[in-house]
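Have a look at the structure below before the remarks.
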2 protein chains.
Amino acid sequence: MPRSQRRRTALTHPEPEEFDVLDILHAMSDPTRMTIVRTLRSAPERACGTFPVDVAPSTLSHHFRVLRESGVIRQREEGTRRWTTLRAEDLDRRFPGLLDAIVTAYETSAAGREQPVAAGRADRHDPRS
Amino acid sequence: MPRSQRRRTALTHPEPEEFDVLDILHAMSDPTRMTIVRTLRSAPERACGTFPVDVAPSTLSHHFRVLRESGVIRQREEGTRRWTTLRAEDLDRRFPGLLDAIVTAYETSAAGREQPVAAGRADRHDPRS
DNA sequence: ACCGTTGTACGATGTTTGTCGAATGAAAGA
DNA sequence: TCTTTCATTCGACAAACATCGTACAACGGT
């Protein structure tokens with residue numbers, strides 16, 4: 001039996017029709033979560049531990065859940081890793097231009113300039129190297 | 001001495017350069033505040049008591065403060081009234097397309113359809129009539 | 001001078017949120 | 001099999017938040 005069926009709580013992903021704009025705005029109004037989103041824009045898929053954020057693993061898990069349950073990200077399991085992607089197409093189909101307007105706005109602001117998010121492959125990334 | 005100079009706390013309005021996207025997203029992620037913003041889009045200027053929201057006056061004051069201090073609205077005093085406007089131009093100059101993308105997204109969602117915001121003049125509006 | 005209108009400030013309250021540490025579960029490798 | 005790695009859930013905690021009632025301040029009219 002694959003791991004995805006054995007998890008105590010299955011990964012819940014809302015359908016695009018269920019997206020709530022207020023939930024999405026709330027999800028993206030946190031600096032850590034905004035960093036996650038920006039990182040995913042320049043990396044197709046990443047494992048949880050490879051994000052350039054400075055919080056405890058359990059905190060990161062919490063932020064992923066907020067993003068996932070609002071529809072911003074999708075997570076898929078493979079072995080011990082959990083791969084995360086941005087649901088850019090789903091978001092854009094439901095709310096055209098929203099994601100782009102928000103991230104662009106953030107990156108043109110002062111806060112966005114302070115911490116440029118590095119692009120590049122993340123599938124074999126080791127944060128301790 | 002006019003009232004605006006006698007208030008214990010003066011009305012603080014951040015400059016467009018000081019706008020913080022995360023603050024704006026947080027400000028607009030609340031249903032009551034979203035209603036305020038949507039109402040202001042279809043009414044040039046409104047007094048505080050004329051908004052179609054169902055909260056206590058003190059709660060409304062709180063929401064106005066959140067919106068004002070994040071740069072979303074501007075408030076000006078005149079007699080006993082406090083006139084509120086949307087800072088659409090300032091917002092659009094600083095973060096092009098952001099306000100429109102957010103409000104449009106909200107109004108195309110289910111939550112937006114449930115409570116259409118009425119347009120019309122508000123300068124002489126009497127909620128008890 | 002007095003009152004009604006308008007909206008705020010303050011204090012209290014219950015909820016949500018962000019944070020962490022510890023324990024847990026599952027898979028991969030030794 | 002044992003250990004390491006990856007990421008989660010749980011419980012706890014302080015801070016922030018939405019809400020309200022009450023008291024208050026300022027203006028405008030009577």
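Proteins get letters first, then strands, A, B, ... in listed order; numbering begins at 1 in each. These numbers come from the heavy atoms of this one structure, side chains and all, not from hydrogens, waters or symmetry mates. Fair warning: this is a prediction, and the values are worked out from it, not measured in the lab.
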Value in whole Å for how far the [atom2] atom of [N] lies from [atom1] of [X]:
{"X": "B:Asp30", "N": "D:dA16", "atom1": "CG", "atom2": "P", "result": "18 Å"}
{"X": "B:Trp83", "N": "D:dA26", "atom1": "CH2", "atom2": "P", "result": "21 Å"}
{"X": "A:Arg76", "N": "D:dC6", "atom1": "CZ", "atom2": "P", "result": "16 Å"}
{"X": "B:Leu25", "N": "C:dT17", "atom1": "CG", "atom2": "C1'", "result": "17 Å"}
{"X": "B:Leu60", "N": "C:dA9", "atom1": "CG", "atom2": "C1'", "result": "15 Å"}
{"X": "B:Glu78", "N": "D:dA26", "atom1": "CD", "atom2": "P", "result": "18 Å"}
{"X": "B:Ile36", "N": "D:dA18", "atom1": "CD1", "atom2": "C1'", "result": "13 Å"}
{"X": "B:Glu77", "N": "C:dA9", "atom1": "CD", "atom2": "C1'", "result": "14 Å"}

Nearest 0.5 Å please: distance from the CZ atom of A:Arg87 over to the OG atom of A:Ser70.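 Spacing of CZ (A:Arg87) from OG (A:Ser70) equals 9.0 Å.
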
CE on B:Met28 to CG on B:Leu67, rounded to 0.5 Å: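 Reported value, rounded in 0.5 Å steps: 8.0 Å.
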
Is the side chain of A:Ser61 donor-acceptor paired with the backbone N or O of A:Ser58 at a distance under 3.5 Å, no angle test?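 No; judged by distance alone, with no hydrogens or angles, the pair does not exist.
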
Of all the nucleotides listed ([options]), which has the minimum atom distance to the side chain of [X]?
{"X": "A:Cys48", "options": "D:dT8, D:dC20, C:dC20", "answer": "D:dT8"}
{"X": "B:Arg33", "options": "D:dT22, C:dA22, D:dA18", "answer": "D:dA18"}
{"X": "B:Arg81", "options": "C:dG7, D:dC20, C:dT19", "answer": "C:dG7"}
{"X": "A:His26", "options": "C:dG7, D:dC20, C:dG18", "answer": "C:dG18"}
{"X": "B:His62", "options": "C:dT17, C:dT19, D:dA18", "answer": "D:dA18"}
{"X": "A:Ser58", "options": "D:dC20, D:dC10, C:dT19", "answer": "D:dC10"}

I'd like to know if B:Thr80 reaches the base of C:dG7 with its side chain such that a donor and an acceptor end up less than 3.5 angstrom apart.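 Side chain to base: no pair below 3.5 Å.
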
I want to confirm an ordering. Mapping A:Ser61 and B:Thr59 to their closest nucleotides on DNA chain D, which one lands closer to the 5' end?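 Nearer the 5' end of the strand: A:Ser61.
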
Heavy atoms under 4.0 Å, any strand shown: does A:Val66 hit a base, just sugar-phosphate, or nothing?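 Since no nucleic acid heavy atom lies under 4.0 Å of A:Val66, the category is nothing.
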
Given side-chain contact (heavy atoms from CB on, under 4.5 Å), test B:Leu91 with B:Ile24 step by step and report yes or no. CA-CA 10 Å; B:Leu91 286 168; B:Ile24 291 174; 3.7 Å; yes

Considering just the side-chain nitrogens and oxygens of B:His63, establish if one lies under 4.0 Å of OP1 or OP2 belonging to D:dC17.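 Looking at the OP1 and OP2 atoms of D:dC17, neither is under 4.0 Å from any side-chain N or O of B:His63.
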
Is A:Arg82 near enough to D:dT8 that one of its side-chain N or O atoms lies under 4.0 angstrom from OP1 or OP2?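 For D:dT8, OP1 or OP2 has a side-chain N or O of A:Arg82 closer than 4.0 Å.
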
Apply side-chain hydrogen bond (donor to acceptor under 3.5 Å, both in side chains) to the pair B:Thr84 and B:Gln75, showing each step before the final yes or no. CA-CA 4 Å; B:Thr84 303; B:Gln75 289 186 305; 3.1 Å; yes

